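Beneath this line is the structure, given in C-alpha cells, with notes to follow.
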Amino acid sequence: MTQNPRQPAIEKLPTGISGFDLIANGGIPAGRTTLVSGTAGSAKTVFAAQFLAEGIRKYSEPGVFVTFEEPPSDIRRNMESLGWDIPTWESEGRWAFVDASPQPGEEVLFAGNYDLGALLARIENAVRRIGAKRLSMDSLGAIFTQFADSAVVRRELFRVVSALKRMGVTAIMTGERTQEYGDIARYGVEEFVADNVIILRNVLEDEKRRRTIEILKFRGTSHQKGEFPFTIMSGEGMVVIPLSAIELKQRSSDIRVTSGNPELDHMCGGGFFRDSILLVSGATGTGKTLMTTEFMAGGVNRGERCLLFAFEESREQLFRNATGWGVDFEQMERDGLLRVVCEYPETAGLEDHLIAMKKLIQEFRPNRVAVDSLSALERVSTIRGFREFVISLTSFIKHQEIAGLFTATTPSLMGGESVTETHISTLTDSIILLRYVEMFGEMRRGLTVLKMRGSMHDKDIREFTIDNRGMHIGRPFRQVTGILSGNPIHIAPGEIDRMNQLFNDENEQT
Amino acid sequence: MTSKFVLKLYVTGQTPRTERAIQNLRRICEQNLGSQYQLFVIDVLEQPHLAEQERILATPTLIKELPPPVRRIIGDLSDTLKVLQGLDLPIHPTGTGGTQE
C-alpha cells in the first residue's frame, strides 16, 4: 500500500515496556491517545504507570498520571513493589499526578448543568508544568461513576483527547471491560478513542491464569496481530513475550559440537549441530539425565560454557548422579564453566520461568544450554502456554547461536509419546529416543536417533549400557521389532535375513 | 444568621454557563442570606493550581467552606432547591425559589 503524500505516516513512540514495542512494530502511535481496555485485574494500571516509568527511565520523557480511581498514595505504594520510585520522580519534576479520584466521605450535590473544564485545565497545567511528553489516564470507568451524566463525561473526555493531541502528548487511557471476549469497553468510550485499541486479558484456562495482550488496532500504522502472553515481574513490571513476532532468522551452522559421548556423535554423523535444539525423550530412568550430564561435560571439557536448568532433581541429587558417572560438576562450577540452576517448576508461572531463564542465559552467555526436563514445566501450564514457552525458548536459544538439549519424559515405561514430545517435536532439530526393551525376561535400554535435521544419521536402534563412566552404546538390536511402539516382538534370525533381503532387492530395483 | 457563609465558586473562563452560575448563586444568597456571605469566584483557567489544590473536576463547582460541614455543589446552580439543600438553608423561607436559566 502506498502512503498518501499529504498525510505523513504516523510516527511511533516506543513505550519501553519490555517486548511490547516488538509486537507494536516500534511503539504506540505518537501524539495520539491509545485505549487500553481490560477486565478487573488485567494489569491496566500497571501498563499505564509503566508507560510513564519507562518514559522517565529510558527516554528522559516526563509524564503525567491522571488517576480517576485510586488515590496517588496508593499508586505510589503499589508501584514501589515494581521498582519504580515515583516520589523521587515527582520531586525531580518528571512525574506529576492529577488526582481525580473520588473523595471519601464528601457529599456532592448536583444542581444544574456542568462540564469538566477544571479537569482539562488541571491536565493542561500539569503537562505544561513538567513538560510532559507522556500521559496516562486510569481508569475511565471511575469517572463515569463519579458523574451521572455519561454523555457529558464522554464529550468532556473527547475534549481532553483533542487537547492532548494539540499539545503533542502521547497518551494511554485505560477502560473497563465486563468480559474477556466482548465489547471493547464500557460506557462507549471506544467511540472517541477508537483509533488505537489495546486489549489486556486475564483468562482462566485449564484452571490456570494466563495474561495476554492484544493490539486490536492502530489507525494508519502497523502492528503484530493476535494475543501475546505477558507477565508482571517484581522490579521490572510488565514483560510481554513476543512469540511469532520474533523473526526466525537464526542461521543454522554446519559446525558440529560433541554430544559428550563419542559413540553418540558417531550415530549423529559427527556430533550435534552447534545452533540446534535436540530433544531427548524417554521414560523415567532410561538415561535422560545421564545424556544431559554428558552433554554438559562434553562442553566443559572443550572449554565451553554450559548452563543446566534442572526442574526435576535437587542439586545434591544431580551432583551425586554426575559423580556416579565420573563427571565432577562441582569442579566444573568452580572453574566457572558450568552453572547448574535447580528450580521447582511450581515456584513460578511458565512466563516467569521463561523470563528468568532468558535472563540467566544472557548473563552467563553459555555455549550450551540443557533443560531437564521440559515435561516438569508442562505440569504448571496449559498445553497452549507450554507450546508458546517452548517456541519462545527455542527461538531465543537459536538467536544466541548456542546448542540446546531438552529432555521429555514419556508417561509409559515401555514407550509411546509424551505430551511434551507431541507438542514440540516439530520445533526441535533432532530427536533422540531412549527406550526400555524387554528381552528374554530382562530389561535393557535402547537408543535411536529419530531425526537429525540436515544430516545423515545412524537409523539403528542400538542397545546401550550405563556404568560408572557413563553411557556406552553397543550393537543394534537384532531379532526384535516394535521397540519404539513399546511392544517388542522377537523374530527368528532367519526372518530378519529374509526381510533385509527383501528391502535390499527393492532398493536395487528403484 | 449566626455565622457568616464563605463560598467559593470555581468556573472555567467567561462562558454563559459561568455567568449563569454566578447570577443564580447571587440571587439565592441575597434572598436567603442577605449580606451574611462572602463569595470568591475562581477561574480555573487562570489559577489551575487552586483547582488542583481543591481537586476540582467539574465546573461550575461551589464549595461551601463555612459554616461546616464543607459541601460541594456541582452545576450551574439552576436547581435552587438543591442549592438550598447544599447550603443547609431552609427551603421556601420567602416563598421564592423558582428556576432561572
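All figures in this text were calculated on a predicted structure; none of them were measured in a lab. Chain letters run A, B, ... following the sequence lines, proteins first, then strands; residues in each count from 1.
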Atom pair CG/OG1 of Leu116(A) and Thr59(B) - distance to nearest 0.5 Å: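 One gets 7.5 Å once the value is rounded to the nearest 0.5 Å.
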From CG (Leu120(A)) to CG (Leu57(B)), nearest 0.5 Å: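 These two atoms lie 11.5 Å from each other.
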Which of Ala100(A), Ser101(A), Gly117(A), Ala111(A) touches chain B most, by non-hydrogen pairs under 4.5 Å: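 If we count pairs closer than 4.5 Å to chain B, Ala111(A) comes out on top.
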Pick one of side chain, backbone, both or neither for [X], based on which atoms fall under 4.5 Å of a heavy atom in chain B.
{"X": "Phe68(A)", "answer": "neither"}
{"X": "Gln103(A)", "answer": "side chain"}
{"X": "Gln146(A)", "answer": "side chain"}

Where is the tightest heavy-atom contact between [X] and [Y], given as atom of each residue plus distance?
{"X": "Glu52(B)", "Y": "Asp99(A)", "value": "OE2-N, 3.9 Å"}
{"X": "Ala58(B)", "Y": "Phe147(A)", "value": "CB-CE2, 3.7 Å"}
{"X": "Asn125(A)", "Y": "His49(B)", "value": "ND2-N, 4.2 Å"}
{"X": "Ser78(B)", "Y": "Gly112(A)", "value": "OG-CA, 3.6 Å"}
{"X": "Leu109(A)", "Y": "Gly86(B)", "value": "CD1-CA, 3.2 Å"}

Side chain / backbone / both / neither for Arg55(B) at chain A, heavy atoms under 4.5 Å: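 Its backbone and side chain both get close to chain A.
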Proximal component of Thr12(B), with respect to chain A [non-hydrogen, under 4.5 Å]: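 Interface part for Thr12(B): side chain.
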Around atom [atom1] of [X], are there more than 12 heavy atoms from other residues, nucleotides or ligands closer than 6.0 Å?
{"X": "Glu30(B)", "atom1": "CD", "result": "yes"}
{"X": "Lys58(A)", "atom1": "NZ", "result": "yes"}
{"X": "Lys64(B)", "atom1": "NZ", "result": "yes"}

Heavy-atom pairs under 4.5 Å with chain A, option from Val44(B), Ile56(B), Thr61(B) with the top count: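 If we count pairs closer than 4.5 Å to chain A, Ile56(B) comes out on top.
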